[in-house]
Amino acid sequence: MTGTHALTEDEVASFRTLHSRIVDAVEVALRGKRGVVELAAVAMFAGGHVLLEDVPGTGKTTLARSLAAAVGGSSHRVQFTPDLLPSDVTGTSIYDPQTGEIRFRPGPVFSNVVLADEINRAAAKTQSALLEVMEEHTVTVDGVGHAVPDPFIVIATQNPIDLDGTYRLPEAQLDRFLVRTTIGYPDVEHELDVLRPGSGAGAVAQVATVSSPEQVAAQTRALARLHVAEPLLRYIRGIGAATRDDTRLRLGSSTRGLRGLVRCAQAYAAAQGRHYVVPGDVQRLAQPVLAHRLVLSREALLAGETTAGVLDDVLSRVDVPRPSAV
């Protein structure tokens with residue numbers, strides 16, 4: 001069990017209600033993508049960040065701004081370009097002529113929700129500056145640390161089609177993202193709804209504020225106490241070990257990735273109204289949490305393998321704990 005005192009059923013019910021209200025609020029602007037919205041909310045409550053790999057115009061900005069509006073937090077969008085400097089993201093020290101002092105001017109990362117648009121278009125130095133803040137939740141300038149708000153979630157995007165003028169994210173940086181997913185195009189009915197004149201789709205201003213940053217931060221801390229049985233932990237560790245032993249992969253899951261899977265499973269279980277994690281939670285979240293952390297061998301690439309396919313194979317052969325054990 002994680003924590004000293006497990007979450008009570010009342011606490012889980014309270015979280016489930018809050019999670020549903022946030023997802024419902026975001027869906028006002030982002031139609032027909034409830035699964036993606038739920039996953040983004042799970043990542044937020046698990047204290048992690050989201051990487052969206054998608055083509056332009058599918059609602060990435062709408063998702064980030066709507067999520068910030070629903071939790072009553074601040075948001076900033078940063079368009080990453082090759083000439084973007086680290087200080088353009090994190091902030092810098094400036095001279096104040098009125099006081100004669102040097103003061104810190106915060107950058108756009110000092111928000112509850114930061115949309116890092118086309119992160120792979122910035123130079124490695126700028127990418128690293130953002131990724132350091134994502135990990136440390138602190139910006140250090142002139143030896144002084146400045147904490148970013150709590151909660152703090154980065155929703156980064158990259159276009160998987162247009163690769164001209166881009167800087168590939170190294171594996172160590174991809175590992176900083178708790179979840180990778182895609183929004184994709186809406187189905188027929190929802191796309192028609194978006195196309196109708198007067199539709200409220202994309203209208204972030206119509207998203208209701210249903211929570212507060214303080215409430216989200218408190219729920220994030222509380223979720224660490226949600227029960228995860230020892231056999232479930234061994235199951236998750238077994239999945240990680242199997243990826244490291246698979247000859248099709250030259251890089252398996254990191255321990256950070258497995259810890260992230262535990263945190264996401266806790267948040268997901270609570271969102272389903274349970275005060276404990278089951279194997280189905282792990283299986284549901286394995287792809288978005290682990291697949292982007294795996295690296296195929298050259299032979300596997302030439303054979304047309306994908307990390308998602310390898311991970312599916314791994315999940316099919318790792319023994320699942322019996323219900324009585326969890």
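The structure presented is a predicted model; accordingly, all values stated were derived computationally and were not measured.
- In this structure, the side chains of V310 and L296 come closer than 4.5 Å at one or more pairs of heavy atoms.
- If you chain together hydrophobic residues whose side chains sit under 4.5 Å apart, L251 and L51 never meet in one group.
- Under the 4.5 Å side-chain criterion, counting only non-hydrogen atoms from C-beta, S212 is not in contact with V71.
- V207 and V210 sit in two unconnected hydrophobic clusters of ILVMFWY residues. Membership requires side-chain heavy atoms under 4.5 Å apart, directly or through other members.
- Within the 4.5 Å cutoff, no side-chain heavy atoms of V114 are placed close to those of I153.
- The number of heavy-atom neighbours closer than 6.0 Å to CZ of R317, taken from other residues, nucleotides and ligands shown, is above 12.
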Salt bridge (Lys or Arg N to Asp or Glu O under 4.0 Å) for R176 and E132? Distances and angles first, verdict last. CA-CA 9 Å; R176 305 282 183 174; E132 182 180 356; over 6 Å; no

Are V148 and T138 close enough, and set up right, to give a side-chain contact (heavy atoms from CB on, under 4.5 Å), and what steps lead you there? CA-CA 6 Å; V148 296; T138 302; over 6 Å; no

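- Judged as a ring pair (Phe, Tyr, Trp, His ring centres under 6.0 Å), and not counting sequence neighbours, F80 has no contacts.
- Put simply, the side chain of F152 does not reach to within 4.5 Å of the side chain of V113, judged on heavy atoms.
- Put simply, the side chain of S111 gets close to the backbone of P108: a donor and an acceptor are under 3.5 Å apart.
- With hydrogens and angles disregarded, a donor-acceptor distance shorter than 3.5 Å links the side chain of R263 to the backbone of A46.
- Of the inter-residue distances, the one linking D312 atom CG with T306 atom OG1 reads 7.5 Å to the nearest 0.5 angstrom.
- Considering OG1 of T17 and CD1 of I22, their distance stands at 11.0 Å, rounded to 0.5 Å.
- Linking ILVMFWY residues whenever their side-chain heavy atoms come closer than 4.5 Å, directly or via other members, places L311 and L301 in the same cluster.
- Distance alone, capped at 3.5 Å, places no donor-acceptor pair between the K33 side chain and the E27 backbone.
- With S297 contributing its side chain and R250 its backbone, the two residues share no donor-acceptor pair below 3.5 Å.
- One N or O on the side chain of S74 and one on the backbone of N112 form a donor-acceptor pair closer than 3.5 Å.
- The two residues R34 and S20 make their nearest non-hydrogen contact at NH2-O, 4.2 Å.
- Y95 places none of its side-chain heavy atoms less than 4.5 Å from the side chain of E101.
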Would N120 and Q127 count as a side chain to side chain donor-acceptor pair (under 3.5 Å) if you check the C-alpha gap in whole Å, the side-chain angles of each, and the deciding distance to 0.1 Å? CA-CA 8 Å; N120 56 330; Q127 291 178 7; over 6 Å; no

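- Checked for salt-bridge contact, D117 and R77 meet the test: a charged N lies under 4.0 Å from a carboxylate O.
- For the pair T220 (side chain) and G47 (backbone), a donor-acceptor distance under 3.5 Å is absent.
- At distances below 3.5 Å, not a single donor-acceptor pair connects side-chain atoms of T126 with backbone N or O atoms of A122.
- Using a 4.5 Å heavy-atom cutoff, the side chains of F177 and L131 are in contact.
- Between A208 and A25, the closest heavy-atom pair is O-CB, 3.7 Å.
- Here the side chain of D245 pairs no donor or acceptor atom with the backbone of A242 at under 3.5 angstrom.
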Evaluate side-chain contact (heavy atoms from CB on, under 4.5 Å) for M44 paired with V216, printing each intermediate quantity in order. CA-CA 8 Å; M44 178 181 67; V216 171; 4.1 Å; yes

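- Looking at every heavy atom in both residues, L226 comes nearest to A269 through CD2-CB, 4.2 Å.
- Closest approach of I102 and S93 over heavy atoms only: CG2-CB, 3.7 Å.
- Put simply, the side chain of R180 never gets that close to the backbone of L174: no donor and acceptor are under 3.5 Å apart.
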Go through the steps to decide whether D83 and T81 satisfy the test side chain to side chain donor-acceptor pair (under 3.5 Å), and finish with yes or no. CA-CA 5 Å; D83 60 348; T81 56; 2.6 Å; yes

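- Atom CZ of R259 has 12 or fewer heavy atoms from other residues, nucleotides or ligands within 6.0 Å.
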Salt bridge (Lys or Arg N to Asp or Glu O under 4.0 Å) between E230 and R234: does it pass, once the steps are laid out? CA-CA 6 Å; E230 184 71 18; R234 292 186 178 275; 3.6 Å; yes

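- Looking only at side-chain heavy atoms (C-beta outward), T307 and H292 stay at 4.5 Å or farther from each other.
- For S253 against L294, the heavy-atom pair with the smallest separation is N-CD2, 3.5 Å.
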Between H49 and I155, does the side-chain contact (heavy atoms from CB on, under 4.5 Å) criterion hold? Intermediate values first, please. CA-CA 6 Å; H49 310 284; I155 299 179; over 6 Å; no

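- Minimum interatomic distance between V50 and A43 (heavy atoms only, all atoms of both residues): CG2-CB, 3.6 Å.
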Go through the steps for Q79 and E118 under the test side chain to side chain donor-acceptor pair (under 3.5 Å), then give the verdict. CA-CA 7 Å; Q79 180 64 53; E118 295 189 291; 3.0 Å; yes

Verdict with reasoning, T140 to H146, per side-chain contact (heavy atoms from CB on, under 4.5 Å): CA-CA 6 Å; T140 302; H146 306 272; over 6 Å; no

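- At distances below 3.5 Å, at least one donor-acceptor pair connects side-chain atoms of S316 with backbone N or O atoms of D313.
- F110 is linked by a ring pair (Phe, Tyr, Trp, His ring centres under 6.0 Å) to F104, counting only residues two or more places apart in sequence or in another chain.
- You'll find the side chain of V278 stays beyond 4.5 Å of the side chain of Y268, heavy atoms only.
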